[in-house]
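By convention in this document, chain letters (A, B, ...) are assigned in the order of the sequence lines, proteins followed by strands, and residues within each chain are numbered from 1. A quick note: this is a predicted structure, and the numbers were derived from the prediction, not measured.
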Amino acid sequence: MNVITKSLLLRVGVTESCRHLYNGSVSHFHTSTNLQGVTKKTKALSVTRLSPEQLTRRKKRLEKELKRLSKSNMRDLRPIEELEITPQLRKDLISRRRSRQVEPISPEQQEQQILFFKEWTRYKWKEVLGECELLHRVEKAQVFALSKLRQESEELYKQAVKLDPALMNHAVAGPLHTPPIAGYMAEDGKWIDHTDYFEDKEKYSQLTGAIIDNVKAKNRK
Amino acid sequence: MEEDACVFCKKAVRSLQHDITCDVCDKWQHRTCNTGFLRCGCRHASASAVSSNKKWQLHSAVCLQRYPRVIKPPTDLEQKYKEIMGRIELRKSLLSDYELDLVAEKHMFEKMKTMTDDEKKKLLAERSLLTMAEQLDVWTKELDNFKLADKLTDADKTGDETTVNQKLDEKLVLIVRQNWPGSETKCWTFPQGCRREGESMREAAERTLMTCCGEDVDAMFVGNAPCGYYQYQLPFRCKPDYGVKTFFFKANYTAGEVMPTDLISEWKWVRYDELPSYFQSTYLRRVRQFLIPS
């Protein structure tokens, strides 16, 4: 009797102890993909689930942000001079005062243009390939020269491979349409300082005033 | 030369026999006397020993480049591209102030046809004295009166190739005929000079340029590294120097003229495609590897 009850108890114990842990079939078990230690993004709390306190807190936070953004120094951002359009030009664009009357291009002309651009890309591509080849050849020659120098002497090689700081500030002006005229003295032109100084208006208004006064005095002369 | 005795057979070691010497005790042994060295191995070892004994002079050569000062006229394709792009840009653009003034003037003259004399006078007084067409004439005259410099210099007309002020639309390079001591034949090369003790190769190149071409020439050396390499054997009378290893350095010409010095008898500024008529074939092959034509 004891033995039977013991075995029965054991069996019951196992099933009973398991029951509070899991109460379903084996197919319900699953493992996620290999996360590598990184967890999935947490779901955003939907508004309906928030308590009234949380809602008021959110509202306050948003209002604070709005107030901060609508402050005067945040709104009047510094204008970029290169992108500025004069008010007259802005009006002209709206009123179409400056719009050009152009005839539409015929389809044959358009076709010719497209064919020409294809020829142009072919020409430019050839040029680019030639340049790449050239650079490759030049680089190869330099690498060869450096290897020969290294064979000759390690010290000379190290000196050759050093960075030349004079090359950092090196600027080159390209070719022009005509050569410069020998002994030509260019005339000085008028210069009025139009730059806007936003940081310290009081400090620089004096400076600009002085320059304008100078120019006026010169003009009077 | 002292008579060395072979350690093994005690006989004299002669110069034409294959012998091996010990670096430590300086004693000699015939190759055939129990050394285990083969004939081919011995020959190879002796050849490499001879080559490492060769004395090479290290030279720096300067490839002084003068970049073009004036643009070349465009090719047919480029000209056509310019025209087409100009047309497209014109179509996409807005009217400028000048064009607006032209249009306004046209309207004004049309209006004036149907006006009284007094009203005409009043209108004309408001505007400037000249019409747009007259203004254009004034401006074109001003442009015509301004004289631009000639693209063809005096040197181009006379065919003088020693100055820098010639062929302004081409990339030129300096070549010289150097006076090497003891040699009568002179050939065209880049200015070349031997490296002195304590100099780097680039410093040698800078010094070479100054001594060969005078102190007036200003150049910007493009980096510390050489761009090319060329080696050649010296004639027998130049013993102990076996040959010369030349390292080429590129330099961009900035200002000054080449002055005659003792080291060079002639110099010329030539285009890259003219080099084959001046340089030797092997030298040209090496030099062409690092030259970038315009």
Side-chain angles (χ1 to χ4, degrees), chain A residues 88-89 92-93 96-105 109 112-113 116-117 119-120 122-124 130-131 134-135 137-149 151-153 155-167 170 172-182 184, chain B residues 56 58 67-72 75 77-78 80-81 84 87-88 90-97 99-100 146-151 153 165 168-169 195 199-203 220-231 245-250 252 286-294:
Chain A
Q88 180 59 40
L89 188 58
D92 286 343
L93 284 169
R96 309 267 178 103
R97 180 170 163 242
R98 287 181 186 266
S99 62
R100 196 181 282 276
Q101 304 299 322
V102 208
E103 298 166 356
I105 314 175
Q109 226 178 352
Q112 272 198 356
Q113 232 176 52
F116 174 77
F117 278 122
E119 202 185 324
W120 178 253
R122 262 178 258 133
Y123 170 76
K124 273 292 174 184
E131 281 177 9
L134 193 92
L135 288 173
R137 170 171 39 101
V138 168
E139 195 193 325
K140 216 166 123 184
Q142 187 173 64
V143 163
F144 177 68
L146 281 170
S147 71
K148 284 286 175 182
L149 187 63
Q151 272 179 23
E152 204 42 52
S153 134
E155 196 199 311
L156 284 176
Y157 172 79
K158 277 191 182 157
Q159 284 176 328
V161 168
K162 260 191 209 169
L163 190 72
D164 183 16
L167 282 180
H170 186 52
V172 183
L176 305 163
H177 194 66
T178 52
I181 301 166
Y184 180 73
Chain B
W56 292 91
L58 287 180
Y67 275 81
R69 298 230 177 106
V70 164
I71 54 171
K72 278 197 174 145
T75 61
L77 197 71
E78 286 173 354
K80 203 175 169 189
Y81 179 76
I84 288 176
R87 242 184 282 148
I88 291 169
L90 187 70
R91 291 176 68 83
K92 285 187 180 175
S93 66
L94 298 170
L95 295 173
S96 64
D97 284 342
E99 286 175 307
L100 283 178
F146 186 81
K147 284 229 160 93
L148 292 165
D150 205 4
K151 285 190 206 179
T153 60
N165 260 336
L168 293 173
D169 58 348
R195 172 192 164 260
E199 268 188 335
S200 76
M201 295 310 289
R202 183 201 156 138
E203 284 165 7
M220 161 87 194
F221 274 81
V222 189
N224 285 323
C227 56
Y229 172 82
Y230 180 66
Q231 71 178 43
K245 290 187 175 177
T246 325
F247 292 94
F248 295 94
F249 284 86
K250 272 193 193 167
N252 292 342
R286 280 295 174 175
V287 152
R288 260 203 172 140
Q289 282 181 346
F290 61 80
L291 285 180
I292 301 179
S294 54

Hey, mind stepping through A:Leu149 and B:Leu58 against side chain to side chain contact (heavy atoms under 4.5 Å, CB included) and telling me if it holds?
CA-CA 10 Å; A:Leu149 187 63; B:Leu58 287 180; 5.6 Å; no
B:Thr75 and A:Tyr123: side chain to side chain contact (heavy atoms under 4.5 Å, CB included), yes or no, with the steps?
CA-CA 12 Å; B:Thr75 61; A:Tyr123 170 76; 4.1 Å; yes
Output, in order, the C-alpha distance, side-chain angles, deciding distance and verdict of side chain to side chain contact (heavy atoms under 4.5 Å, CB included) for A:His177 and B:Leu148.
CA-CA 10 Å; A:His177 194 66; B:Leu148 292 165; 5.6 Å; no
One pair to check against side chain to side chain contact (heavy atoms under 4.5 Å, CB included): B:Leu94 and A:Leu93. What are the steps and the verdict?
CA-CA 9 Å; B:Leu94 298 170; A:Leu93 284 169; 3.5 Å; yes
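With respect to the salt-bridge test (charged N to carboxylate O, under 4.0 angstrom), the residues A:Arg100 and B:Glu99 qualify.
Put simply, of B:Arg91, B:Glu78, B:Lys147, B:Arg87, the one with the most heavy-atom pairs under 4.5 Å next to chain A is B:Arg91. Your options are B:Asp169, B:Ile292, B:Val222, and the one with the most heavy-atom pairs under 4.5 Å with chain A is B:Ile292. Annotation: maximal heavy-atom pairing with chain B below 4.5 Å, among A:Leu135, A:Leu156, A:Asp92, A:Val138, occurs at A:Leu156. In terms of heavy-atom pairs under 4.5 Å with chain A, the best-connected choice from B:Lys245, B:Met220, B:Arg286 is B:Met220.
When every heavy atom of B:Ala149 is checked against every heavy atom of A:Ile181, the shortest pair comes out as N-CG1, 3.9 Å. In terms of heavy atoms, B:Ser96 sits closest to A:Arg98 at C-NH1, 3.5 Å. Closest non-hydrogen pair, B:Cys227 versus A:Ala145, comes out as C-CB, 4.3 Å. Between B:Ser200 and A:Gln159, the shortest heavy-atom contact is CB-OE1, 3.1 Å. Pairing each heavy atom of A:Leu146 with each of B:Pro226, the nearest pair is CD2-CD, 3.8 Å.
B:Arg202 places no side-chain N or O within donor-acceptor distance of the main-chain N or O of A:Ala160, the cut-off being under 3.5 Å. No donor-acceptor pair closer than 3.5 Å links the side chain of A:Arg97 to the backbone N or O of B:Leu95.
Distance NZ/B:Lys151 to CG/A:Leu176: 11.0 Å, rounded to 0.5 Å. Atom CD1 of B:Ile84 is separated from atom CZ of A:Phe117 by 6.0 Å, given to the nearest 0.5 angstrom. Between A:Gln88 atom CD and B:Asp97 atom CG the span is 9.0 Å, to the nearest 0.5 Å. Interatomic distance, CG of A:Leu163 versus CG of B:Asn224, reported as 8.0 Å (0.5 Å rounding). With rounding to the nearest 0.5 angstrom, the CZ atom of A:Phe144 is 12.5 Å from the CZ atom of B:Phe290. Interatomic distance, B:Leu168 CG to A:Thr178 OG1, rounded to the nearest 0.5 Å: 10.5 Å.
Both the backbone and the side chain of A:Leu167 come within less than 4.5 Å of a heavy atom in chain B. For A:Gln109, the part lying near chain B is the side chain, with the backbone staying farther off; criterion is any non-hydrogen pair under 4.5 Å. If you measure heavy-atom distances from B:Phe249 to chain A, you find no contacts under 4.5 Å at all. For B:Arg195, the part lying under 4.5 angstrom from a heavy atom of chain A is the side chain only. If you measure heavy-atom distances from A:Glu139 to chain B, you find no contacts under 4.5 Å at all. For A:Pro165, no part lies near chain B; criterion is any non-hydrogen pair under 4.5 Å. With a 4.5 Å cut-off on non-hydrogen atoms, B:Phe221 touches chain A through its backbone but not through its side chain. Heavy atoms of B:Leu100 lying under 4.5 Å from chain A belong exclusively to its side chain.
Taking B:Phe247 as the reference, B:Tyr229 meet the ring pair (Phe, Tyr, Trp, His ring centres under 6.0 Å) condition, with sequence neighbours excluded. Taking the ring pair (Phe, Tyr, Trp, His ring centres under 6.0 Å) definition, one finds that B:Tyr67 meets it with nothing, sequence neighbours left out.
For the pair A:Pro175 and B:Val70, the minimum side-chain heavy-atom distance is 4.5 Å or more. Taking 4.5 Å as the limit, some side-chain heavy atom of B:Ile88 sits within range of a side-chain heavy atom of A:Gln113. Between A:Pro179 and B:Asn165 there is no side-chain heavy-atom pair separated by less than 4.5 Å.
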